[in-house]
Amino acid sequence: MILGTRPQGVFTTGSLRRFVYQEHLPVGKRAVIVGAGLVSLSVLITLMHTDVKCALMTTEETKHQIEFPYVVMKWALADILTRAPDR
C-alpha cells in the first residue's frame with residue numbers, strides 16, 4: 001500500500017471499484033498493479049471488466065502472495081488472458 005496523496009490516475013482498490021461500478025467512469029487504457037495478493041487479483045478483474053490492459057503487476061515481495069486455489073485464477077487472468085502480444 002502506498003500512503004499519502006495520490007496523483008491523478010493513481011487509484012486505491014476501493015476508489016477504482018467505485019469509479020468503475022458505481023460512477024461508471026473511465027479509468028484509463030493501461031494499468032500497473034502494485035501488489036500481488038488477492039486484492040490485486042480483484043483489481044485485475046475490475047480492470048478486465050473495463051477493457052483496461054494490465055501492463056505490469058509488481059510487488060516488493062520475493063513471490064506473489066496468492067495461494068492455491070486462487071493462484072489458478074491468477075494464472076488464467078494475469079498470465080494468459082491479459083498477456084500483451086509479443087512485438
Side-chain angles (χ1 to χ4, degrees):
M1 176 176 284
I2 301 172
L3 302 175
T5 59
R6 291 168 190 82
Q8 183 176 359
V10 177
F11 298 96
T12 63
T13 302
S15 64
L16 174 71
R17 293 176 60 85
R18 188 182 77 246
F19 271 55
V20 170
Y21 296 123
Q22 291 179 348
E23 306 295 333
H24 306 288
L25 296 172
V27 292
K29 295 180 192 233
R30 291 182 21 179
V32 172
I33 299 173
V34 178
L38 290 176
V39 174
S40 301
L41 187 60
S42 170
V43 168
L44 182 62
I45 293 168
T46 301
L47 293 173
M48 289 180 63
H49 176 79
T50 61
D51 293 325
V52 173
K53 302 296 180 202
C54 179
L56 176 71
M57 182 182 246
T58 186
T59 181
E60 63 185 12
E61 303 296 328
T62 57
K63 64 177 190 157
H64 63 78
Q65 305 300 293
I66 302 171
E67 302 297 333
F68 189 82
Y70 302 106
V71 73
V72 176
M73 185 183 303
K74 184 264 183 193
W75 287 334
L77 293 176
D79 297 338
I80 298 171
L81 295 178
T82 61
R83 180 170 291 152
D86 294 331
R87 291 186 178 186

Please report, to 0.1 Å, the donor-acceptor pairs under 3.5 Å made by any side chain of residues 13-28, with sequence neighbours excluded.
residue : atom : partner : partner atom : Å
S15     : OG   : T12     : N            : 2.9
S15     : OG   : T12     : O            : 3.1
S15     : OG   : T12     : OG1          : 3.1
R17     : NH1  : S42     : OG           : 3.2
R17     : NH1  : T46     : OG1          : 3.3

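Both M57 and F11 are part of a single hydrophobic cluster, where members link through side-chain heavy atoms under 4.5 Å apart.
Among all heavy-atom pairs drawn from S40 and I33, the shortest one is CB-CG2, 3.7 Å.
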